[in-house]
Amino acid sequence: MPTVYDPASVEQRIYAFWEQSGYFKAGHHPERPGFSIVMPPPNVTGFLHLGHAWDNTLQDAIIRYKRLAGHDALFLPGTDHAGIATQARVEKALMEEEGVSRHELGREKFLERVWDWKRKYAHEITNQIRALGSSCDWSRERFTMDEGLSRAVRKVFVDLYNKGLIYRGNRIINWCPRCATALSDIEVEHVDVEAKLYHVSYPLVDGSGSVTVATTRPETMFADVAVAVHPEDERYKDMVGKRLRLPLTDKEIPVIADEYVDQEFGTGCVKITPAHDPNDFEVGLRHHLEMPQCIDADGRLNAMAGLFQGMSREEGRAAVVKALEEQGFLKDAETLNHAVGHCSRCDTVVEPFLSDQWFVRMEPLAKPALDAVSRKELRFVPERFEKVFLHWLENVRDWCISRQLWWGHRIPAWYCDECQGITVSMQDPTECQHCHSAQIHQDEDVLDTWFSSGLWPFSTMGWPDETPDMARFYPTNALVTGYDILFFWVARMVFTGLEFTGKMPFHEVVVHGLIRASDGRKMSKSLGNGVDPREVIEKYGADALRFTLATGTSPGNDQRFYWEKVESSRNFINKIWNASRFVLMNLPDGVDLPPLDADNLDVSDRWILHRLNETIEVATNHLERYDFGEAGRVLYDFAWDDFCDWYIEFSKLALYGDDEVRKAQTRAVLVHVLDSLLRLLHPFIPFVTEEIWQSLPIPGEALIVAEWPKVNPQWHAPHAVRQANVLMETIRAVRNIRSELNVAPSKPVAMFVRVADEDTAALFNQTKHYLTRFCHLQSLTIGQAVDVPKQAMSAVVTNAEVFLPLADLVDIRVELERLEKEVARLQSEVDRVEKKLGNPQFVQKAPADVVEAERAKAVDYKAKLAAVQERISALRG
RNA sequence: GCGGCUGUAGCUCAGAGGGAGAGCACCACCUUGACACGGUGGGGGCCACAGGUUCGAUUCCUGUCAGCCGCACCA
C-alpha cells in the first residue's frame, strides 16, 4: 500500500465492481423495508455543476446509509429534457457552427439534432454521476421524454382537461420576445430598475381641457383603449364618461372609473392598455373593452403604431417620448424605481402579451396540497421552508403550460378546421370529436418542462400502470433539492401526486442551499467563476469532493466553495488511508483475530470501544435527521483525534511488545474499530472506505452491502473513560512542560507523581507503560508521599501532581510565573463555580445533575488550585 | 410592502440554556518503526448592538444596525 492514497487508481474500479455486482439495484430484498429517492433529473443542457454534485452527494449519502441500515434502497436516476433551455442551447450551437436557424432546418430535422444533443449530454451526465460515486439503480434510469413518461404526461393532460382543470384561453401571459415563447410566472425574474414615469397629457375631445396620465410605457399608448381614474377621486369625477383624443393618433378613448387606480400614485390617471399590461387586462375584462395589440410577438411595434412601426420597444419608447415632447403632450418625467420582469433564461425584458395559451387551473389543485402540508403529511428539513412553500401555494395563480417551442411534449389537442372544436385524447384522433370532420390539426406547441418534471416521482415508477415499483417504492421517502426549485418543482410534484395518486409523492423534503464561489457570489457562466466538479474529482478524488460538500455546513444554508476545504477533506481521507495501512501492516498474513475478550482489554481498549459506541449513537442520530454536517464532524473527530492520535499510538505498546494475548486483542480492537469506522464513513466517502474494507480480514463481500454498526452495551465503560482522560491529561501536561522548556521530546526524563489516593495510585500504576513511552521517561515514581526535588517543573492533573526534575533547565523564576498564571486560571474557574453554587436559586432550580456536575468541578478545581499554591510556596520556601 | 436567512478567531464556518469550537492561516519544536496530505505544543474571540425571559443567555424572545435571499400587478 502506498503512503499516499490515489483516488484515480481506485474509484473507477470500485464503481465498476459495485455496479457489476448489482449492488445498486433495488428490489433484491423484498423482506426488508423499502426506501426510495428519485434523483432530481439534471437538465440535458450541458455538464453538471457543483450544485448537482452537492445534491447528488446528499442523496447518495442517505441511500448508502439506509442500505447499510437494512433497507431495500432505491436511488432512481434520470435526466430532464429541459425544453426551453435545451432548445436554446442547440439553436445557439447550430447558429454558431453551421449558421443555420431552426426554422431553416425545419421542425423534424431540428428535433433530430436536439435528440443528438440529448444523447451526448445525457451520457456525459450519467458518467459524471458515476464518477461521483452515486449508487443509483441504472436499470431504472429515466428521461422525461421516454415513451412511458410521455404517456404519463398525456394522461395527466387529458384527465385534467376532462375535469376542466386545464383550459385554453386568450389571456395575458409573460412573453419573452427573444425566446419567442410564453413563460410561466415563476420563469420571470423581477428586477428593480430605475425608470421614468412619464406624465402625458390626453386632451378631451370637446376641447374643454385634458387629463394627464402617468405611464412608464408610453410606447404602448397606441393600444390604449381608455383612461381610468378612481371612482371616488374628486379631481376627476366630472371627467368620467368623457372622451379623450389619444395623442399622436386620431383615436378617441373614454375616461372610465375603476377602483384599481391608486389615487396617490402618479397623477391618479392610468392609461388602460389591456393587451400589454396584466392589470389593464383585468380592467379591460371588467369594462368590456377592446384589446388591440400594438406590439407583436417579436417585440416590435406594429402597424397600429403608425410611424413607429418596426421599432423595438426601447426604440419606440424613445421615439414616442420625443414626439410627445415635440407636440407638447409631455408634461413631466419623474424618476421611478420599479420591478420589471425579465426572462429568467435570457434576461430579456418580458412583454405582457395577450395570446391563446393553455392553463392549469390552480386553485382546486393547490387546496388539497395546502391542506396536506398543513396536516404535516409533508415534512420540510429544515422546517422553515414549509412557510415559504405554503405562502406560495396560497397565492398561486393559474399556470400557463403552453410553450411556443419544438422540443418537448407536444400538446395533445387537435383543432377542427370546420367547427373549430377542440379534441383532446389519449390516442391521436383521426377526426373531430364534435363534428367528426377529418380536417383537424394538432396544436403546434409543447408543454412547459415542469409539467413533466412534476410527475417525476410516479411517472418514473411506471404510472399510470400499477407496476410493482409503484407498489413498493411509491410514495418515495425523501426528496433532496435546493431551495431554488421549491416552487418550480416540489410544489408541482405535490399537487400532481395528490391529484393523480392520492398520495404525497414523498414524506420529507430535504432542502439544501446553493453552492457559491469563494467570494460569496453565485457561480455562473457569465461571471466565469464556476468550478467544474470533474476538475475537483480529477485533482482530489470524488470522496474528497463529497466530504467537502456534505460537511461543514448547516442544513438549508448556502456554502462557499474553497479549494482549501477540498484539500482538507483529501487530507482526512489520506489520514484514514494511513491509519488503515497501520492496522493492516500489523496483521500478519493469515492471522486469526480472536473475539474481543473483556478480561484482556486494557484501559485504552475499553476507552476507544466506549467512544466508538458514543460515536455510533450520535452519528446515527444526526444521519436520521439528515444533519450531515454534524454527523461528518463527529466522525471526523472520532477518526482523527480518538482513533488516530490516541488509540493507534496506545496500541503500539502492545503490538511491539511480547504479550501475545494482548497483541492479539489489540489487533482485534484495531480491526473492529476500523471496520466500524469505515462503515460509518461509507455514506460520505464510499470509494476509499470500500477499497480499505476489501483488504480487512473480516467476513462480508462488500462494504456497500454490509451492516450499519450498532451500539454494543457490553463496551459501555465510563470508568475506563475517566482513567483514559487522566492519562491523556497527564501526557499533555508533560508535553507542555517539555515544550516550554525546549526539552527535546526524545530526551528521557524522570517523573514523580504524587497521587491523592489509592485509586489514583492504581490508575497511574496501570498506565505506567503508556506514561513511560508517551512522556519518554527514564524513571517513574508514583506515591502518595514522594520526595520531590526542588528544581522541578510541575503540573496538576485530576487527583495528582506530576513533577519533572529538570534541574539544569529549570529557572525557578520562570516556573513561578507559569504557576502563577495557572493559579489565576484555576482561581477564576473556582470563583465562577463557587458563585453558582453560592446562589440558592441555582441550587434549588437548576436540574440536579447540573448542580452535581458543578459540585464535582468545584472539588476538582479547588484541589488543583491548592496543589499549585502549595507548589508555589514550596518553591519560594 | 410581506416573509426568511446571516452576523462567533485573520479567512471559511460549526455549535449549544450551565466550562467559547473546527478547518485553513499564524508562531515554535519534531525526518518518533501509518501518515510532512504528518506529529507535538502555542498565540488569537465582550459569540454585531440594546433591552427582556431565566437561578443562569453567546444560545430563547423583542427591537436596532449591517449584509444577503425569496415573494408582491403599484401604472
Side-chain angles (χ1 to χ4, degrees), chain A residues 1 3-5 172 186 190 197-198 213-217 228 260-262 264-273 277-282 336 338-339 341 352 382 384-385 387-388 391-392 395 397 483-484 486-487 513-514 518 520 540 544 551-554 556-562 564-565 567-586 629-630 632-633 636-637 644-645 648-649 652 655-656 731-732 735-740 742-746 773 776 828-829 832-833 835-836 839-847 850-851 853-854 857 861:
Chain A
M1 274 173 101
T3 65
V4 170
Y5 173 63
I172 200 144
I186 45 178
H190 292 276
L197 182 67
Y198 299 100
V213 302
T215 180
T216 53
R217 300 207 56 197
Y260 146 69
V261 180
D262 177 357
E264 308 294 317
F265 189 88
T267 60
C269 296
V270 188
K271 69 187 204 57
I272 299 299
T273 324
D277 182 281
N279 294 307
D280 294 5
F281 177 73
E282 297 297 327
L336 176 76
H338 69 153
R384 67 182 134 93
F385 289 103
K387 208 173 166 181
V388 189
H391 180 259
W392 187 79
N395 297 293
R397 299 191 304 166
Y483 59 70
D484 52 330
L486 236 36
F487 307 144
L514 267 38
S518 57
Y540 293 96
T551 63
T553 52
S554 44
N557 287 349
D558 292 351
Q559 117 165 256
R560 298 188 194 197
F561 180 85
Y562 273 88
E564 291 90 328
K565 266 200 258 187
E567 204 168 301
S568 115
S569 301
R570 188 272 317 263
N571 293 350
F572 174 59
I573 288 157
N574 198 236
K575 188 74 179 175
I576 299 295
W577 176 255
N578 276 291
S580 308
R581 278 183 65 226
F582 173 81
V583 173
L584 292 167
M585 283 166 62
N586 283 288
E630 279 299 280
R633 187 184 58 77
Y636 183 99
D637 291 347
C644 293
D645 285 349
I648 285 185
E649 294 306 325
K652 287 175 182 173
L655 293 177
Y656 302 152
I731 292 168
R732 278 195 211 100
R735 283 173 177 168
N736 180 303
I737 291 172
R738 296 185 83 116
S739 172
E740 286 200 15
N742 272 319
V743 179
S746 50
R773 179 183 169 99
H776 291 94
S828 78
E829 296 287 1
R832 190 176 47 74
V833 177
K835 193 178 152 203
K836 260 190 196 183
N839 181 351
Q841 301 268 43
F842 172 74
V843 181
Q844 214 172 23
K845 296 190 178 174
V850 171
V851 177
E854 292 297 317
K857 280 184 215 167
Y861 284 134

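Residue numbers start from 1 in every chain, and the chains themselves are labelled A, B, ... in the order their sequence lines are given, proteins ahead of strands. Values in this document were obtained by computation on a predicted structure and should not be read as measured data.
Distances shorter than 4.0 Å separate some side-chain N or O of R560(A) from OP1 or OP2 on C13(B). In this structure, K387(A) reaches the G4(B) phosphate: one of its side-chain N or O atoms is under 4.0 Å from OP1 or OP2.
Judged by distance alone, the side chains of N571(A) and S568(A) never bring a donor and an acceptor atom under 3.5 Å apart. A side-chain donor-acceptor contact under 3.5 Å links Y483(A) and D558(A).
Comparing C61(B) with G21(B), their C1' atoms sit 26 Å apart, to the nearest whole Å. A48(B) and U32(B): their C1' atoms are spaced 47 Å apart (whole Å). The P atoms of G38(B) and A50(B) are separated by 41 Å, rounded to the nearest whole Å. Look at the C1' atom in both A72(B) and C49(B): the space between them is 31 Å, to the nearest Å. Between A14(B) and A22(B), the distance separating the two P atoms is 16 Å to the nearest Å. Annotation: G41(B) and C46(B) have their P atoms spaced 25 Å apart (nearest Å). Rounded to whole Å, the P atom of C24(B) lies 29 Å from the corresponding atom of U59(B). Spacing of P atoms, C74(B) relative to U6(B), comes out at 28 Å, to the nearest Å.
S554(A) comes within 4.0 angstrom of the backbone, heavy atoms only, and of no base. Heavy atoms of E740(A) sit nowhere under 4.0 angstrom from any nucleic acid atom. Among the atoms of the strands shown, none is found under 4.0 Å from any heavy atom of Q559(A). Among the heavy atoms of the strands, none lies under 4.0 Å from R738(A). Using a 4.0 Å heavy-atom criterion, one finds that G629(A) contacts no nucleic acid atom at all. Within 4.0 Å of P847(A), counting heavy atoms only, lies at least one base atom of the nucleic acid.
Across all strands shown, G17(B) forms no Watson-Crick or G-U wobble pair with both key distances under 3.5 Å. Searching all strands for a Watson-Crick or G-U wobble partner of C29(B) with both distances below 3.5 Å returns G39(B). In this entry A48(B) has U64(B) as its Watson-Crick or G-U wobble partner, both defining distances falling under 3.5 Å. Across all strands shown, C73(B) forms no Watson-Crick or G-U wobble pair with both key distances under 3.5 Å. Base pairing annotation: A57(B) forms no Watson-Crick or G-U wobble pair, as no partner gives both donor-acceptor distances under 3.5 Å. Pair assignment for G23(B) gives C11(B), based on Watson-Crick or G-U wobble hydrogen-bonding distances that are each under 3.5 Å.
Minimum heavy-atom separation, L336(A) to T216(A): CD2-CG2, 3.7 Å. R581(A) and M1(A) get closest at one heavy-atom pair: NE-O, 3.5 Å. Taking each heavy atom of D277(A) and D280(A) in turn, the nearest pair found is OD1-N, 3.0 Å. For the residue pair A544(A) and I573(A), the shortest heavy atom distance occurs at N-CD1, 3.3 Å. Closest approach of C644(A) and A579(A) over heavy atoms only: SG-CB, 3.7 Å.
When the P atom of G23(B) is taken as reference, atom CG of D637(A) falls 8 Å away, rounded to whole Å. Nucleotide U6(B) holds its C1' atom 15 Å from the CG atom of L514(A), rounded to whole Å.
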Contact pattern, 5' to 3', of nucleotides 65-75 of chain B - B, S or - by protein heavy atom under 4.0 Å: -----SS-BBB
Contact pattern, 5' to 3', of nucleotides 25-38 of chain B - B, S or - by protein heavy atom under 4.0 Å: --------BBB-BS
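Classification of the Y5(A)-W577(A) ring pair by plane angle, with boundaries at 30° and 60°, yields tilted.
Within the 4.5 Å cutoff, no side-chain heavy atoms of I576(A) are placed close to those of Y636(A).
Relative to the side chain of F842(A), the nucleotides G42(B), G4(B), C55(B) differ in distance, and C55(B) lies closest.
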